[in-house]
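The block underneath contains the structure these notes are about, expressed in structure tokens.
The chains referred to below are lettered A, B, ... by the order of the sequence lines, with proteins before strands, and numbering in each begins at 1.
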2 protein chains.
Amino acid sequence: MQGLMQDVPLTITHLFDRAEKYHGHKEIITATPQGVERTTYGQWARRTRQLAGVLDTLGISADGRVATFAWNTARHLELYFAAPCTGRVLHTLNIRLFPEQLTYIVNHADDEVIFIDNSLMGLLTPLLPTFERLKHLVIMDDSGAGLPDQGALGVDVQVHDYEALLAAEEPIDFPEITDERRAASMCYTSGTTGNPKGVVYTHRSTFLHTMGAMMVDSLGARESDVILPVVPMFHANAWGLAHAAVATGATLVMPGPDLSGPAVAKLIVDERVTVAAGVPTIWMAVLPELKGKDTSSLRSIPCGGSAVPKSLSEGYREQLGLPILQAWGMTETSPIASVCHLDADQTQLSIDEQAELRTQVGRISFGVEARVVDPETLEPQPWDGESSGELQCRGNWIAADYYDDPRSSESFTADGWLKTGDVAAVDERGRIRLVDRTKDLIKSGGEWISSVELENEIMAHPDVAEAAVIGVTHPKWGEAAVACVVKAPGAEVTEASILEFLDGKVAKWQLPKSVVWIDEVPKTSVGKFSKKDLRSEFGDVLMNQ
Amino acid sequence: MQGLMQDVPLTITHLFDRAEKYHGHKEIITATPQGVERTTYGQWARRTRQLAGVLDTLGISADGRVATFAWNTARHLELYFAAPCTGRVLHTLNIRLFPEQLTYIVNHADDEVIFIDNSLMGLLTPLLPTFERLKHLVIMDDSGAGLPDQGALGVDVQVHDYEALLAAEEPIDFPEITDERRAASMCYTSGTTGNPKGVVYTHRSTFLHTMGAMMVDSLGARESDVILPVVPMFHANAWGLAHAAVATGATLVMPGPDLSGPAVAKLIVDERVTVAAGVPTIWMAVLPELKGKDTSSLRSIPCGGSAVPKSLSEGYREQLGLPILQAWGMTETSPIASVCHLDADQTQLSIDEQAELRTQVGRISFGVEARVVDPETLEPQPWDGESSGELQCRGNWIAADYYDDPRSSESFTADGWLKTGDVAAVDERGRIRLVDRTKDLIKSGGEWISSVELENEIMAHPDVAEAAVIGVTHPKWGEAAVACVVKAPGAEVTEASILEFLDGKVAKWQLPKSVVWIDEVPKTSVGKFSKKDLRSEFGDVLMNQ
């Protein structure tokens, strides 16, 4: 028996329509070096419809890729909707990728146009000759420096001024999106090995992910919110907050290029922000700046991208009365896949127990399924809070594949689950704790060693500034752990002192077989430890043992 | 360009899975005449899987209709999931329908089995011989009276005891629902004219409606909630709260048969309910019972089904500090289509202005679209807060059609919108105020008269107990208004006094052309004014004028 309900495609246009129809009076605020700029959803919607006309006028294909290279601004939000609402595909370029990665993804995605903030031209200009099929470069003159001379760029690409293009267009009606599985946007992962991999989101996936972000047990976006996405719009959809703000009519505060502690803190206080979302390093820098300020407007500080240190969350709880809200996800998961709210009865636990629970990433979101399995056998692991395995995900806002990429088969199981590469333990209530990355697990003598756990123990040593643990080939054990340690400034510390410090904290066989001293842990473009580099440098250090 | 996201059917099974996997320790509480019964989602999930086995054992067709005739109880919740999760279709019979309507819908839906609370057998037993294809009657012995003798029923239908059937089954795995548009449940409207009309919900529509109920600007269901659906599970899906509770793992408080003011108030206080939902008459009876009680757990009192009087909402605000949350919907809209939250800036208005805004039904929910048009020309009406027209809806949880019913064409427009029959005015922000039912509008001399507005004015007369205004044929004006008035107990009042009272409150031409005195306003099965009866009695009262 078939049902008799209406069948209306789940589209991003629906989000846009709500902001335009119902919330025209609400504000979008952008911080710029020249000061704070204010517009409304009403003006934004009109400009977005003009921008849709620009895309037609420029001759961008019906499903052409529209790339952005931009900070979080109201203009970027125009692009976020004009591209998908006209059936085209928004491609957010991560400004922090390495040059050769940018060249790869612009060409791989077949970008026809790049919309770029003038203040970022210095990063992209040298790469223009490497973009094979780019036709247009549209400059959003945020710096007020004016457009570069077309000839000086030395390429055929047509250069335009964003505001001039808009001024020449009337607002247009969007074409109807009839297929909810049509591509809406794409984002490449900032992987540490090889070329970035492209994830192509659909109207359906974005619509459902946005609804997810509006659920209380997720981010709980609402009309009365004032949302500050410090997380970049070029990084996994700004965690869905730009879409959720438009969908709910929440006031949106765009931080522009200055993501320093003082700048972010000032926006929170001045604009009475209710939700501020960013990675841990942002919140480390912001906390001292909020001291003595009125932060009573804040109701939530979602944080993810890397593990949220307990001390950071507790620092916010002590100073603001509001701990950090840890969330987990990745480019492949749109990204919000779990948010760590405590259960009703857990809010009765002691402060310490609550803080410990907040080091989890929480329960997988409604709409998504999770399983934790042995990475080799796919055997499900018991939910005892201790047994760990690879976290795998399934759901409508989880990638099924990478765009035109033979490496897809490595990341998805035969039965269609995403292999997240995260190692997790799940407790009896299905709450997830991340313990490692699968590629950073070390299999030594048939047993798994968690490099992250070892790193954390080593970094607790008072004379250690930073430490990265890698698995390297060992003639007897197959693999063994090597600790790459940065000494604290001015400190003297020996291998023996490190091993003694670890004694009793980890099992004997888990101890590093060697400590090597380095000046700095190499980092990826998004600031994570790049163990690939360490492995290539120290991979054979144990071969003589 | 097609997207590359996973495609997982949106099913009710996903809701069930979450309660079973993540919230097994949370409670479902049922009030019974014998006292409060407590179970957990864990036990409930196991029993629901046993019930799924029962449906197989009874030989219910793969897409067979599984009817319920039951109060809000944990057992009813087992049926809510066992039927759709096995691919069958739950059919909730409204116990308040008239006998001939029940006969019609059981036969029209092809019900193969009815699950009935023993305490309701008296209503259904006389009708059993009229059910043409019913095979099984399963009795949930809530009264402890024991099963009736099969022979005494005088029909072929097999009679079973619910608990005995369950005890004989092991929990089973649900089959996979691969088509999200598969029928999941059905409910017939309690219309005032002709036979009820069937609405067939899908897995997709229920999934999306449930997500809707979890959004903050809707009902905002969450894990920490303790939800009391006073609204019956046989009436438009208990407004989605049963599904939302299961999806979020909220504690669920089922009121059973006693919906009196004292009983409902006691549940709210004893179980520390956070969300209690019901029609206005329930809340009128509950308010005095809450006096002096600890109601601090309550965060929301959703109310709909008929207009929420301003005085009722203000009564709750004054006594509890929490006004009523007006919501709007109908069987055809799953039902939640709008919820009246104030906008952020509106919470700064005066108490009176806020109270006035709460008489609106709010903005149409995310996921649904609304338009207000002239009921004859379909011309959109301006959003000025005054101009009114028919409210029409579109969206994934709005009916497309009635089940096997030639009357469908009367209720849907050619371009696929549901004609709700409600007359509404929309303000500049898209907030909706209901002013009437289209069928209760009176077109007099080419102008529209709102019968509801006239009724409200007349009912404000101190000597009037109740009044219903109907449009009747008028030789000169086509139609004109007639007021059917019930005098207050012991009061004397004349037509002249009524007309004088209305003077200055409504336009001269809107005045009733006649007042007729009645003992009581006839009501429908759900307690609404039945103007059909009044029209047939007084339809020609003006023909001599």
Side-chain angles (χ1 to χ4, degrees), chain A residues 1-8 10 14 17-18 21-25 63 89 179 181-184 199-205 208 211-212 214-217 220-224 247-249 251 334 341 343-344 347 363 366-367 369 394-403 416 418 429-430, chain B residues 1-8 10 14 17-18 21-23 25 63 65 89 179 181-184 199-205 208 211-212 214-217 220-224 247-249 251 334 341 343-344 347 363 366-367 369 394-403 416 418 429-430:
Chain A
M1 185 183 184
Q2 282 303 97
L4 297 172
M5 301 307 280
Q6 294 185 20
D7 212 337
V8 179
L10 306 172
H14 184 69
D17 284 346
R18 290 190 69 89
K21 278 187 187 159
Y22 302 134
H23 305 291
H25 61 291
D63 66 352
V89 182
D179 178 5
R181 289 168 177 86
R182 187 179 178 111
V199 176
V200 182
Y201 309 103
T202 65
H203 281 266
R204 173 178 163 110
S205 74
L208 292 171
M211 268 190 110
M214 293 156 76
M215 298 187 304
V216 186
D217 290 334
R222 61 198 71 173
E223 188 272 339
S224 61
T248 58
T251 301
S334 290
H341 290 280
D343 287 350
T347 62
R363 209 172 261 127
F366 180 89
E369 294 166 76
R394 181 169 177 265
N396 283 289
W397 60 82
I398 311 296
D401 222 344
Y402 293 113
Y403 178 59
L418 169 70
R429 294 188 179 183
Chain B
M1 185 184 185
Q2 281 303 95
L4 297 173
M5 302 307 279
Q6 295 184 21
D7 211 337
V8 179
L10 307 173
H14 183 68
D17 284 346
R18 291 189 69 88
K21 277 187 187 157
Y22 302 134
H23 306 290
H25 60 292
D63 65 353
R65 261 63 79 202
V89 181
D179 177 4
R181 289 168 177 86
R182 186 180 178 110
V199 176
V200 182
Y201 309 103
T202 64
H203 281 265
R204 173 178 163 111
S205 74
L208 293 171
M211 268 190 110
M214 294 157 76
M215 297 186 305
V216 185
D217 290 334
R222 60 197 73 172
E223 188 272 338
S224 61
T248 58
T251 301
S334 289
H341 290 280
D343 286 350
T347 62
R363 209 172 261 127
F366 180 89
E369 295 166 77
R394 181 170 177 265
N396 283 288
W397 59 81
I398 311 296
D401 220 344
Y402 293 114
Y403 178 58
L418 168 70
R429 293 186 179 185

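- Contacts between A:T347 and chain B at a heavy-atom distance below 4.5 Å are absent for every atom of the residue.
- Comparing A:T251, A:V200, A:D401 by how many heavy-atom pairs each has under 4.5 Å with chain B, the most go to A:V200.
- Here the shortest heavy-atom pairing between A:L208 and B:M211 reads O-CE, 3.7 Å.
- With a 4.5 angstrom heavy-atom cutoff, B:S334 touches chain A only via side-chain atoms.
- Between chain A and the options B:T248, B:L10, B:L418, B:V89, heavy-atom pairs under 4.5 Å are most frequent for B:L10.
- At a 4.5 Å heavy-atom cutoff, the contact between A:A221 and chain B is made by backbone atoms alone.
- Minimum interatomic distance between A:A247 and B:F366 (heavy atoms only, all atoms of both residues): CB-CE1, 3.6 Å.
- Residue with the most contacts toward chain B among A:Y403, A:Y22, A:W397: A:Y22 (heavy-atom pairs, distance under 4.5 Å).
- In this structure, the side chain to side chain contact (heavy atoms under 4.5 Å, CB included) partners of A:V216, at least two apart in sequence or on a different chain, are B:V216, B:R222.
- With sequence neighbours excluded, the residues forming a side chain to side chain contact (heavy atoms under 4.5 Å, CB included) with B:T202 are A:M5, B:R204, B:S205, listed by chain and number.
- Of the two parts of A:H23, only the side chain, counted from C-beta on, holds a non-hydrogen atom closer than 4.5 Å to a non-hydrogen atom of chain B.
- Here A:G367 is the residue among A:S224, A:G249, A:G367 with the most heavy-atom pairs under 4.5 Å with chain B.
- Listed options B:A183, B:G416, B:G220, B:A344 were ranked by heavy-atom pairs under 4.5 angstrom with chain A; first place goes to B:A183.
- A distance of 11.5 Å separates OH in B:Y402 from CG in A:L4, rounded to the nearest 0.5 Å.
- Counting heavy-atom pairs closer than 4.5 Å to chain B, the top residue among A:R429, A:H203, A:R182, A:M215 is A:R429.
- Nearest heavy-atom pair, B:E223 versus A:D343, reported as atom, atom and distance to 0.1 Å: OE1-CA, 3.3 Å.
- Atoms CZ and CD, from A:R181 and B:Q2 in turn, are 9.0 Å apart once rounded to the nearest 0.5 Å.
- Most heavy-atom pairs under 4.5 Å with chain B: of the set A:I398, A:D179, A:D63, this distinction falls to A:I398.
- For A:H25, the part lying under 4.5 angstrom from a heavy atom of chain B is the side chain only.
- Note that CZ of B:R18 is 7.5 Å distant from CZ of A:R363, once rounded to the nearest 0.5 Å.
- Taking CD of A:E369 as the start and CD of B:Q6 as the end, the distance is 9.0 Å to the nearest 0.5 Å.
- For chain A, the nearby parts of B:R394 are the backbone and the side chain; heavy atoms of each come within less than 4.5 Å.
- The shortest distance between side-chain heavy atoms of A:M214 and B:D217 does not fall below 4.5 Å.
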